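By convention in this document, chain letters (A, B, ...) are assigned in the order of the sequence lines, proteins followed by strands, and residues within each chain are numbered from 1. Since this is a predicted model, take the numbers as computed values, not measurements.
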2 protein chains.
Amino acid sequence: MKLDEAKQKFVHSWGVLGSNWGINKTMAQIHALLLVSEKPLSTEEVMEYLQISRGNANMNLRGLIDWGIVTKEIKIGERKDFFKADKDIWEVARRITEERSKREVEPVIKILNEVKNVEEESEEAKEFKETIEKLESFTSNLDGLVKKFVKSDEHWFYKTVIKLMK
Amino acid sequence: MKLDEAKQKFVHSWGVLGSNWGINKTMAQIHALLLVSEKPLSTEEVMEYLQISRGNANMNLRGLIDWGIVTKEIKIGERKDFFKADKDIWEVARRITEERSKREVEPVIKILNEVKNVEEESEEAKEFKETIEKLESFTSNLDGLVKKFVKSDEHWFYKTVIKLMK
DNA sequence: CAAAACTTTCAATTTTTACTGAAAGTTTTA
DNA sequence: TAAAACTTTCAGTAAAAATTGAAAGTTTTG
């Protein structure tokens with residue numbers, strides 16, 4: 001396979017994965033593109049490669065910066081901004097995990113905690129509380145575990161993987 | 001808090017979580033509703049509670065059945081179908097994990113594997129391969145680990161959580 | 001077997017989400 | 001300091017996804 005073809009395939013596939021998981025396709029594609037570019041890219045280059053408008057490129061680049069997985073670079077002698085993805089997959093996973101947990105999982109854990117406080121003592125209420133408690137325990141354990149994994153370093157991760165997999 | 005209010009809050013919040021993670025809101029809400037209903041519900045009851053059309057209710061119920069986390073029940077003397085969510089959170093997590101992995105993660109791992117086969121030996125190609133390899137290793141390890149977690153039983157899970165957390 | 005009870009399908013519509021492009025804003029340079 | 005180079009914003013538009021509702025399909029019952 002040719003390098004260009006491979007890049008294209010990867011960028012496309014990453015976009016599909018992203019949109020399946022609630023990340024907009026373009027944002028995922030820009031991220032993929034920057035991940036496999038040997039050098040930082042300008043807005044123009046991103047626009048050109050993905051055939052998207054300036055506004056779209058700009059907003060999604062900013063989005064990626066907000067996630068903390070892309071940074072602006074300034075080239076001396078150049079007036080444009082250049083963008084570069086963090087190539088440390090660990091760092092990327094860490095940031096995404098922390099952000100998504102904070103934005104999406106933690107609020108749900110909070111709600112689960114709240115709705116547990118049903119005063120009623122009927123059979124139905126008891127069953128409800130039980131279901132919610134299990135859900136809460138599961139959710140927060142999993143959330144904690146994922147964070148733990150991702151916070152630790154690469155070496156620890158693989159060690160743990162190996163330990164747990166056998 | 002009153003039971004009804006608590007249920008409503010939970011159903012709503014589960015819908016939000018779902019749509020953030022690429023699951024349509026209604027499907028997530030129906031699932032939540034069935035999870036906290038003491039008895040199986042008919043299509044009418046689901047329609048009524050969530051204020052949705054028959055077609056919508058039907059399609060999303062079928063969707064949930066396809067995921068393997070909701071089952072049809074037949075009540076003797078009744079002609080309608082009734083729907084019931086699997087209340088074993090473990091089983092639910094297991095099925096969702098397996099399905100999403102199969103539908104969404106595995107295809108990406110396959111692509112990553114494919115695009116590694118770049119013949120070129122330029123510096124750029126080398127860097128590309130390195131990035132993809134790291135991504136692939138990370139993705140498949142994480143995927144494998146999550147599956148492993150979810151395949152094992154509740155007891156093993158908590159034991160592992162405790163072991164890893166300290 | 002035909003009417004009733006119920007379920008499924010799908011074209012049309014609505015809602016939501018993403019994108020465009022031009023205008024406004026900002027920074028740099030001469 | 002004004003024009004050029006570049007970035008950001010956002011109202012309007014387009015595209016995608018979800019939903020409706022009515023018609024077609026299926027199963028049950030008398």
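- Nearest heavy atom pair, residue Lys129(B) against residue Glu119(B), reads NZ-O, 4.5 Å.
- Rounded to whole angstrom, the span from the CG atom of Asn60(A) across to the C1' atom of dT9(D) amounts to 14 Å.
- If you take CG of Leu41(A) and P of dC6(D), they are 16 Å apart, rounded to a whole angstrom.
- Scanning all heavy atoms of the two residues, the minimum distance from Asn24(B) to Thr26(B) falls at OD1-N, 2.8 Å.
- Residue Thr26(B) has a polar side-chain atom (N or O) positioned under 4.0 Å from OP1 or OP2 of dT19(D).
- The phosphate of dT8(D) (OP1 or OP2) has a side-chain N or O of Asn58(A) nearer than 4.0 angstrom.
- Of the side-chain N and O atoms in Asn56(B), one or more sit less than 4.0 angstrom from OP1 or OP2 of dT20(D).
- Atom CD in Glu44(A) sits roughly 10 Å away from atom C1' in dT7(D) (whole-Å rounding).
- Rounded to an integer number of Å, the gap from Asn20(B) CG to dA17(D) P is 16 Å.
- The nearest whole Å value for the distance from the CE atom in Met47(A) to the C1' atom in dC6(D) is 12 Å.
- Each of Met59(A) and Lys80(A) lies near DNA chain D, and the nucleotide nearest Lys80(A) is the one positioned closer to the 5' end.
- Arg54(A) comes within 4.0 angstrom of a nucleotide base, judged by non-hydrogen atoms across all strands.
- One can place CD of Glu78(A) at 19 Å from P of dT27(C), the figure rounded to the nearest angstrom.
- Between the C1' atom of dT20(D) and the CG atom of Leu50(B) lies a distance of 15 Å, rounded to the nearest Å.
- If you check every strand for non-hydrogen atoms under 4.0 Å, Asn24(A) touches sugar and phosphate atoms only.
- One can place CD1 of Ile74(A) at 17 Å from P of dT26(C), the figure rounded to the nearest angstrom.
- Position along DNA chain D of the nearest nucleotide to Thr43(A) versus Ile52(B) favours Thr43(A) as the more 5'-ward residue.
- Phosphate proximity of dT7(C) to Arg79(B): absent, as no side-chain N or O sits under 4.0 Å from OP1 or OP2.
- Side chain of Glu45(A) to backbone of Ser42(A): a donor-acceptor contact under 3.5 angstrom is found.
- Looking at Glu44(A) and Arg54(A), a side-chain N of the basic residue comes within less than 4.0 Å of a carboxylate O on the acidic one, giving a salt bridge.
- Checking Gln51(A) against Lys72(B), the closest nucleotide of DNA chain C that is more toward the 5' end is the one next to Lys72(B).
- Looking at every heavy atom in both residues, Val118(A) comes nearest to Ala125(A) through CG1-CB, 4.2 Å.
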